[in-house]
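Values reported hereafter were calculated over all heavy atoms of this structure, with side chains retained and with hydrogens, waters and symmetry mates removed.
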Amino acid sequence: MKLFPIRGGIHPDYRKELTSDKAIAALPMPATLYIPLQQHIGAPAEVLVKEGDMVKKGQMIARNQGTVSASQHAPTSGRIRAVAEVTAPHPSGLPQSTIILESDGKDEWAELPEPITDPFAADAHTINERVSQSGIVGMGGAAFPSAIKLNLGEQKKLDILLLNGAECEPYLTCDDRVMREYPDAIVDGARIMAHALGTPRVIIAIEQNKPQAIEIMTKAASAFPGVEVIGVPVQYPMGSERHLVQAITGRETPARKLTADLGVVVHNVSTARAVHDAVRFGRPLVARVVTVSGGAIREPKNVLTPIGASITDLVGFCGGFAVRPESVVNGGPMMGQPLPGLDAPVVKGTSGILALTAGEINDNPTSACIRCGSCITVCPCGLSPVDMSAFIRKDKLEVAAKLGVMDCFSCGSCSYVCPSHIPLVHYFNYAKGVLNDLERERQKNERIKTLAEVRTIRIEKATEAKRAALAARKPAADSAAPGNAGEPKATTEEKANA
Amino acid sequence: MEAYVLLFVSAALVNNVILARFLGLCSFMGVTTRIDTAVGMGLATTFVITVSSMADWAVGAYLLEPYNLWYLRTVTFIMVIAAAVQFTELTVKKVSPPLFQMLGIYLPLITTNCAVLGVAILLVEHKMNFIEATLFGFASSVGYSLVMVMMAGLRERLALADVPRLFAGPPNGFIVASLLALAFMGFSGMTA
Amino acid sequence: MAQYKTIVKDGLWENNGVFAMLLGLCPAMAMTGTATNALGMGLATAAVMAASSMLVGMFRNQITQEVRIPVFILVVASMVTLVDLFMNAWMHELYKVLGMFIPLIVSNCLPLARLEAFAGKNSTLPSLMDGLFMGLGFTIALTMIGAVREIVGTGTLFADASLLFGPAFKVMETRLLPEDTGILMMILPPGGFLVLGLLVVGKRILDVRAGKAIQMGGAHSAA
Amino acid sequence: MWIAIGSLTVMGIVLGALLGVAAKFLAVKENPLEEELKELLPGSQCGQCGYVGCSQYAAALAKGEASVTLCTPGGKATIEALAKKLGVTADTSEHEEKLPEHAFIVEDLCIGCTRCIRECSTDAIMGANKLMHTIIVDACHGCAKCVKVCPTDAIVMVPVKVTLRNWHWPKPNIEQTHAEHQAGHAH
Amino acid sequence: MSITIANKSAPFAHGVSSVRKTMFLVLLALTPATLFNLYLFGWPAIMLFTVTVAACLIVEAGCLSLAGKPVMATLADCSALLTGWLLAMSLPPWAPWWLGVIGAVFAIAMAKHSFGGLGQNVFNPAMVGRTVLLISFPVAMTTWIVPYPLFSAGAPGFIDALAITFGGQMPDAVSSASALGHIKTELSRHIPVIQSMADVPGLTDMLLGYRAGSMGETSAILILAGGLFLMYKRIISWHIPLSVMGGLFVMASIFHLVDPAKFASGTFHLVSGATFLGAFFIATDYVTSPVTRTGQLIFGVGCGVLIWLIRTFAGYPEGVAFAVLLMNALTPIIDQYTRPRAFGRNRKGEPLPLEKRP
Amino acid sequence: MKKQRTFSHGLILGAFCLGFGIVLAYSDHITVDDIKAAALQDRLNSLGQVIPASIHDNNLVDDAMVMNNQGDQEITVYRATKDGKVTGLAYEIFGVGYAGKIKLMLGIDTEGKVLGVRVLAHKETPGLGDKMEVKKTDWILKFDGLSLGNPPVEKWKVKKDGGQFDYWAGATITPRGIVNAIRNGLELFAANKEKMMDMNAPKAEPNKGGH
Amino acid sequence: MKVGIAYALPQRQAWYDVEVPDGATVKDAIERSGILAQFPEIDLVQQKVGIYGKVSKLDAVLNGGDRVEIYRTITCDPKTVPRKAKAGEAASEAEG
Amino acid sequence: MMMGGIVDSSTDYSAPALTEGIAQVVAVEGDMAWLVPESGTSCGGCSSAAACGSKGIGTVASRLEQRRFQMVNDAGLKIGERVVVGVSENAVLRASLIAYAIPLATLLVSGGMAQWAAGHDFITMGAMLVGLVFGLWLSRVRAGQMMARGELAPRFIRRASMGETCNLE
């Protein structure tokens, strides 16, 4: 199949060999699990349990709330210790509402929903409902509730389900391992999703630096005519949804539109496997494969981890730190988030935990920009990081916005190549945050202005009504004292209070 | 033809109004913080200079010369220029009020732009004929606009630079102008 | 009296037309190849400023808002013409050098700005003082620029002063560097801009020493 | 000589007439400045500026009687906008951007007097006579007028809380990174 | 277990590039040509080179300490070294020492540090230095000598060199005109180019560098090799060098075809003067050239055309420095109008229209 | 009312114009003679440098004539007479310098021998191309006494071009332009000797030129 | 017609807009808004309701734009709560 | 995990063109409405007004005069109404091209042609005058066209809601 070139991109040092050839190992069930109510984009889930409740594995303990949300399930059986504020796996180090579950060691399954025996006979709604019930979110890192994406078939005419197995981030091999070890589950999950979406074609895109995965997946897909496996060039960030779609179809997703508008829906390979589990066995998403790697980890490997296991447990399982890490990263080195500490739990979107040494990060002091233009060359979004960061530095965020800082998806290519080691992505994240703040503030101000006006009108009306009432009363009782009659009643009340 | 090309190059580049003749420096330092402003000012000035140099030439040839009133040139020229600006203002307003709304602010600045008067005086000093005068006016103002836009571009860039505090603002502008003038020295001798 | 003291101080240095307000740049560049020319130009401008400020101060009540600017221009233009005529008649050598630039005093921003800012609002005598001292401050600035450019550029100071002002000024002519050793660029256009820029920096350094805040941008602070 | 005087005079008259025509052409019927200024103000009529409401402040501004720095709820942005509109330079250095705040009612002190409710121009306080009053944070813009009228000091201003939803990366401090690194090398 | 506070956003990986490495590679690429020229022009050239580079470093250090920036750390980025090096290469080899020093002051203090130092300047510092010298000291800056290779007969010894560089005692007999200067002078006497071309060194000599000229002008072939090395190392892309040479060559060739008596050929323009040095090492200066590929092409063609215009019509025989400065002045505007198209948007920034799908 | 205001603007401005018109006209009136005298003196001064006072007893400006030179430019030829006999001529010649035209005044005697040359105006680079000014060097004085035959025509070049005239370091174009200009000036005389010496030819207006 | 429904706790507040038919009562609006599901602790028997700071009955008829408010009781004894200093009181009195 | 910072942003920052602004109707003349913009000018170029001695020209009142603009009143606007208008981003550039470059070009071209054909100063002058008038007419037409497309002048987008404020930057 003919592929299309994508703009820019880089070829970082991948270092996938640290973990790619080791089979997935399961983490022994930790004694305590921390399940945040929000592990996804959207509204946090609503707690269904309270302190002291006994739950079984797979039991729903928090329900999705609102349209964009996902439910949470107990990763093992045990007792709810508390619903409390616990540090989130987030660079801010801020706490969030988390269900704390103490394992009883039995790992007993709850009564699960009935498997859908023939999903291809079931209607889309049934499948979506099941996916939604199972708390499945995008497992590539963005953690967008998958059921919503599976609903797109209702609104748009779709052609292709694109399964993203590019895994372009260095170090990460969890998708690679899942593809190698569970190819049939992935293909089946993909076919179920394609059925729900109504797409005739399924394309599984895998970067060419994973030849075994390509081979195994091709074999697994060979039985199904609608399913193709395509090796895509090794080029970071090939795994970005829009770029992968461009590479496969040659079509560029317009800004502020979705790939679905081009007829393509993209899901992660691990998500497909989770869908398979949910549909065929009724199992909700309670565990995921996490790559634990980096130069500071003694025994890097891929670990099947229950959601909510603390990162300390995970690192301990991998032999602990060989050297003091410079940074511990949640996700890949390019787009991952630094962790403020190791207390935070693994969540559904955690694809990797990397403990990186200073040498691996290769962070040097920032020097002045020499306008070499490398950042422009590598930017897959066609932006001008050099100019945007200069404007942000001088607090001219509106100009940076004009230049497209909101179109940046923080892939990190520009920061990676910058010879002056300017924290370009950091600038953009800052700008995006402030611009969002401003947007929020603007919305709030508009609201407040309206509120004030509404109130003024209301009070005017009330005064008017009172005056009218008074005028009506006046002829009747024309001996009433004219001055005091209009005084608001509230004053007397107040006096009573005082 | 070649003479006209030379006249043009000489007036626009070699003896650039701003960089070699030092005319119109107020607007050069003042209205060059943004490119589109510089373009607006440049085009407005180009129009006014061209029109007023024609008018000034006519006043010179048909009023001052016959009656030997050259000593009144300063007064008459400046009034002709003021009238030309006023004329432009009214015409633009007549032609399109929205245009006027957008460009109106530049026009009053032009009356006191010494480039306009300077060009008029120069074409008298050089005893040019009508065609030369028109071309000279036009070429000079093209050179003016060119330098204005270049300067605006540079200053937009420098607004992002970490200019030392002592140099920030006007001194930096002068140094840029100095370097720009240095670059334009490369054209010297082009008309010899 | 205090008012006049402020006028003098402002005009000569504090609020100097060139260094602080960045006005009248055209002659400040064009006529400062040598200190002598600069001095001549400065004095001519000062004369125009003093005369026109006085006139405007006198007639300020007759000038309506709408015709203000044209009248100001007219006043300056007339004064300039007078200077032009008198200089041509009685200081012909100087006129030969400054000739082309005398008419341009009209569109020098400084006289107009002072008419607008001061003379239009004050009575005759303060206006005259303001015009005169602003003009002298302008002369000082021009002469400083001219002196720096001349010394660095050609190694002389007030060369040809005797030719322009009269034989009495022969004493001012000095040579500070040997023949042909100056940095020629200084008397060429780039040097003009450079020296003005550096002198503004110099004034800032003095201001900082004196414990004052740096005046960031004269008329255009946005820069 | 007569030609000189004559031509100059004629020119003057013509130019003056031209100007007159222009002035007539451009005449404005009213001065909309006050309206414009009013629009720049938050419009919550909080009165912290010392004037009765935003309109009065705007009127004072238009007349040049008031300083542009008086509007507290509007913050730095409003000051700058007003300054820009009026063509003055505002010294915003003293008006450091305050962190956004909202009012908060200490429940143990609230006696349900409804004074604050009447004071609030955005209906951000909910409650009734002798019943608990509560601030609706989303509707509160932090004017702090309620704080002044509360008889029991039950209302305090608290900073808007930073949560995972509104947290964002701070601006990178390059100089600091540089210094840190140097310190690192020194070890 | 305590780990570093998360004070920096992703990415947590970085390529091997650094400013110092980039500058170092450029210096490396310049080395062969420099060594050859130092050999060619002997001791005086070595002295001038040393003085100029040292002056640049000292001025840089002075400016840095005045600005309160770390001196040694910044000096180590090699940018001042490179500026000094390029400035030295654009001077006549036997020029007096003060030329190098004055050039260094203007290049580093005026053109670079008054804007805030590395990366903030808008004009190429080395070319500012050279241009200031050229218009200030036209005589010294246009006094060329024929090559006197080190240790060859007639070459000045160490002591003679001291006299030349520091004593200002230029031997009278050795001066010679550069090829471009010669043609220009002859043309002004109405001697056709074809005729005057007979007096300038042949193409091979021009390429190999056995001719009069500044250190950077001679030895085109070694400069070319250095440039190709930089391209191979991906320090520079082909866009600027090729478009500079292309613009110059095309203009020169067209006019040469029209009137060979008045206009020198494209090939001559390419190998003479500082074309190669300008195209590969000066116009490609990151800080002062456009950042996008399209912008670089426009910049390069502009440089090429201006070089030809200035060489052919203006007063100065060599136009590289002026052309580069003029295009530097246009760089911000070029940059603004050649920004790449953002993903999913058209050139204006509007979101792309949604195409009709088959 | 609007109309009235329009009118009054015109009147105010008109009144000022009238006032200044009178002042200026009067000033012109009192200065015009002095300006003329200054201009005349100026001209005489420059002529005096190329025609020694000893060889004439007339006012050089009075006996001027106008003719065209080789380049079809109108030039004024000033003639020195002693006892009614022409003893010398002076006229403007033009050379092409580095930065533009160079205007010189050439004075010759009746045999075509150079009495003196002076630069009137030029745009050459100060400090480099201005060495022909008598203030700077005495280079220009070396032409005194030379004529077309002395040195021979082929030697009327700068040394660099195989002629006999010095040039100064860094600049060849300027001296070359001047040498050419002088040679052309001498050739003009050679070709138009009769016409130029004809005192009956129509005389030029003494104060023409310069406003 | 559109009316607002609000309930507020110190840390969590809700203020929804709901569309109700003309002539709807306070109770109708509360039920329609679903606010009871969000705050299960609301007990309409115990807690008072009102419109814009005025206590009203559950079966009061609404007008467009009204805000239905569900109140909580005060927790302190108004008699024992310390009052602001006299000066402050006077000032607020004057303002009020 | 990207939990923070999700705002339902209705603003496409990078999109060009139409910068919205609020204007108030100050007069209605026939089918045209006069409006005064409420935000600052887009050019910010008056910084040199003081420098050039035309300070008075740049005062608030006079600048407001000049910023009055006219718009076809299709929407039946009344005095005092506030409306949202959109202005194209690079309008100043386009506007100055239309207002000055077109007439100037026709003036020079017609003058040049007349000079080449007739070679007489008076004819040339006449031709230039004709060219200028023609160019002014042309720019009027162009301005009209572009105005119709909303590329040049502010155009009516919608009536401003009560709470709508001007977008300050």
Restricting to pairs with a member in residues 46-59 of chain B, which pass salt bridge (Lys or Arg N to Asp or Glu O under 4.0 Å), not counting sequence neighbours?
-> none
Keeping to residues at least two apart or across chains, list the salt bridge (Lys or Arg N to Asp or Glu O under 4.0 Å) pairs with something in residues 127-138 of chain H.
-> none
Where at least one partner belongs to residues 5-48 of chain B, residue pairs that pass ring pair (Phe, Tyr, Trp, His ring centres under 6.0 Å), sequence neighbours excluded |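 Residue pairs with at least one partner in residues 5-48 of chain B: B:F22-C:F193, B:F47-H:Y100.
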Hey, do the aromatic rings of H:F122 and B:Y62 have their centres closer than 6.0 Å?
->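 For H:F122 and B:Y62, the ring centres are under 6.0 Å apart.
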Is the shortest heavy-atom distance from the side chain of H:I102 to the side chain of H:L97 under 4.5 Å?
->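 A side-chain contact under 4.5 Å is absent here.
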Do B:M148 and B:I18 come within less than 4.5 Å of each other through their side chains, counting heavy atoms only?
-> yes
Is chain B contacted by the side chain of H:M128, its backbone, both, or neither, given a heavy-atom distance below 4.5 Å?
-> side chain
Could you list which of residues 132-143 of chain B have a heavy atom closer than 4.5 Å to any heavy atom of chain H, in residue-number order?
-> B:T134, B:F138
